[in-house]
Structures are given as C-alpha cells and as structure tokens.
Amino acid sequence: MHRLTLAQARALIDAAMAEASAKGMQPLTYGVFDPGANLIALRRQDGTPPGGPAVVASKVNGALAVGVSSRQLGDLGEIYPAMLGSIGSVFKGGVLPAAGALAIRDKTGHIVGAIGVSGDTADNDEIAARAAIAALGFEAVG
Amino acid sequence: MYRITFEQANTLIEAGVAEAGRLGLNPLTFGVFDPTGSLIALDRQDGAPMIGAKVVTGKAGGALALGVSSRTVGELALARPHVIAAVGALNNNGMVPAAGALLIKDSQGTIIGAMAASGDTSDNDELAVAGAIKAVGLQAA
C-alpha cells in the first residue's frame, strides 16, 4: 500500500519540530495521516491548546479531500464559499481552510499521506510542515 | 500536576511498544491523552487497523468521561446499555466500551490523563497499557 510508515511519520514530526525550534515558533501540535485522513502519529508539545489534534485533523481533511494545500482551500473558499461549506459537511471532523496542512507525494507520484501543524500563525505552521516534507525527500502537494 | 507532559507521553508510548513486543501482540495503536480527552501523543504501528486512532480516542474518551477504565465502561454498557449509548453520544470523543484504556493518576489521586491501545484483543490491549504505565512509574486506575 502506498502510505507512510510509522517510522516515516515519526521522522516527519521530528523534522517539523526541529524547523519550528530553529525558527523560534510557539509550541505546536503535529499530526501525520494516511491518505484516508486516518492518524498515523501525533505529537502535541507542552503549552499547546487541547484543540490542536482536532485542528490538524480538520486542516488535513480538506487538503486530502480536494488534493490542494489547506491554504489553497482557504483561497478557494473565498471564491466558492458554498462549495467549501459542502465539503466541510461531507467529512467527519470538518474541513478547516487555513494554512498548515499539506498532502505528501512520493517519488512515484502517489499521495502517501499528509502532515498537519497547528499552534503558531497558519503561515508558520505551514513553514514547519513544508520543511519536514522536504527534509524527508517527499514532495508537498500545493 | 495538571496533565501528563509531552516527555511523559513519549515515554509511555515507547514503553507500550516495548511491552507489546515482549508479549508478542499484534500491531497496535497507542494514544496518550490529557484529562480532557485530547491527544498528546499517538503512534499507529505499521499493520495496525486504520481505525485505530479513533478507537483509542473513544476508549480513552469514555474512561475519562466516567472516571473509570474502559473495561468498566464495557461492564456498565452491559448493565445499562441505554445509559452508555446516551452518554456516549454526548461525549466529544465518543465512547468505545471495551478494555484497553486506563486512567493515569498522580500521587494525590488526581487524574492527569489516560492511555489507550487497540489492535489486539481488548484484554491484550489493556495488558500493554498497564505494563507501560507501570514501567514509567505512574499510577493506573
């Protein structure tokens, strides 16, 4: 099956955490999901709100459902708000259209999962997620 | 202490993986939760069912909601299924009434979180969790 292993998921979280630490970001929640938006690994640092896991899951839901980044989903929502509302009602846990979640493609072009980050600004969340994907040699979708 | 720390959660998951390996269990999902039922750390081992994260969240959510182990939630569900079904629907994280989630208390008896496993029999899931909590020197309930 084309999906991230637990070892890859943990390596992605470690890499995102290293990037966040290097950039002096707030404590974050990091979640890595399979292509069906089922959680493989999650780490929530001390000092983050209890809502972190639900937020990263909702960001990732949208990114995987539509095949764009959660940032692009927010941009699409400004043009087509009704469409975004419909997508959000289809997926359990909802769809949060804010930057910080990226689907992950391997070298063969398959979507193997997604990473979602939350706890700093949405822009910073995405920087940490993107750095982790690059560090592992994968490609971010969007 | 208000809740299990990030470091403790990591250590609990490592201890759970070690205990499951020692017992020769199926691939499992392990989750460590704060007292509100929100995840602090989760690992789904390769080969564990895809629903694992939701199941451990439901087991721990039920245990934390009622202040008992998820095994006891299962016994309550047999005795009064309508009550557990109703309360489960109220709970944010649902309620999976099967063994495998244990509450974690500090030395004063305050609940500081919960740990849950899923992927083998419920009894074995609970064995892995109990072993992990004991191995890191915390108190299970």
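By convention in this document, chain letters (A, B, ...) are assigned in the order of the sequence lines, proteins followed by strands, and residues within each chain are numbered from 1.
Considering only heavy-atom pairs separated by less than 4.5 Å from chain A, the leading option among G47(B), A41(B), G37(B), A53(B) is A41(B). Comparing D34(B), V32(B), T29(B) by heavy-atom pairs within less than 4.5 Å of chain A, the highest count is held by D34(B).
Between F6(B) and Q45(A), the shortest heavy-atom distance links the atoms CD1-CA, 3.9 Å. In plain terms, the two heavy atoms of R43(A) and N10(B) that are nearest each other are NE-OD1, 2.5 Å.
Two different hydrophobic clusters hold L76(B) and L78(B) under the rule that ILVMFWY side chains link at heavy-atom gaps under 4.5 Å. When hydrophobic clusters are built by joining Ile, Leu, Val, Met, Phe, Trp and Tyr residues whose side-chain heavy atoms come closer than 4.5 Å, directly or via intermediates, V129(B) is grouped together with I112(B). Side-chain heavy atoms closer than 4.5 Å link hydrophobic residues (I, L, V, M, F, W, Y) into clusters, and following such links, possibly through other members, connects M25(A) to I133(A). In the hydrophobic cluster analysis, where Ile, Leu, Val, Met, Phe, Trp and Tyr join through side-chain heavy atoms closer than 4.5 angstrom, V55(A) is grouped apart from L102(A). Residues L42(B) and I51(B) fall into different hydrophobic clusters, defined by Ile, Leu, Val, Met, Phe, Trp and Tyr side chains chained together at heavy-atom separations under 4.5 Å.
Panel note: side chain R44(B), backbone F33(A); no donor-acceptor pair is recorded below 3.5 Å. In terms of modelled atom types and a separation under 3.5 Å, the side chain of R44(A) and the main chain of L39(B) share a donor-acceptor contact. The main-chain N or O of L6(A) is found under 3.5 Å from a side-chain atom of D46(B) such that the two form a donor-acceptor pair.
Within residues 34-41 of chain A, the residues having any heavy atom closer than 4.5 Å to a heavy atom of chain B are D34(A), N38(A), L39(A), I40(A), A41(A), listed by residue number.
Residue pairs meeting the ring-ring contact (aromatic ring centres under 6.0 Å, His included) criterion with at least one partner in residues 90-136 of chain A, sequence neighbours excluded, are H2(A)-H110(A).
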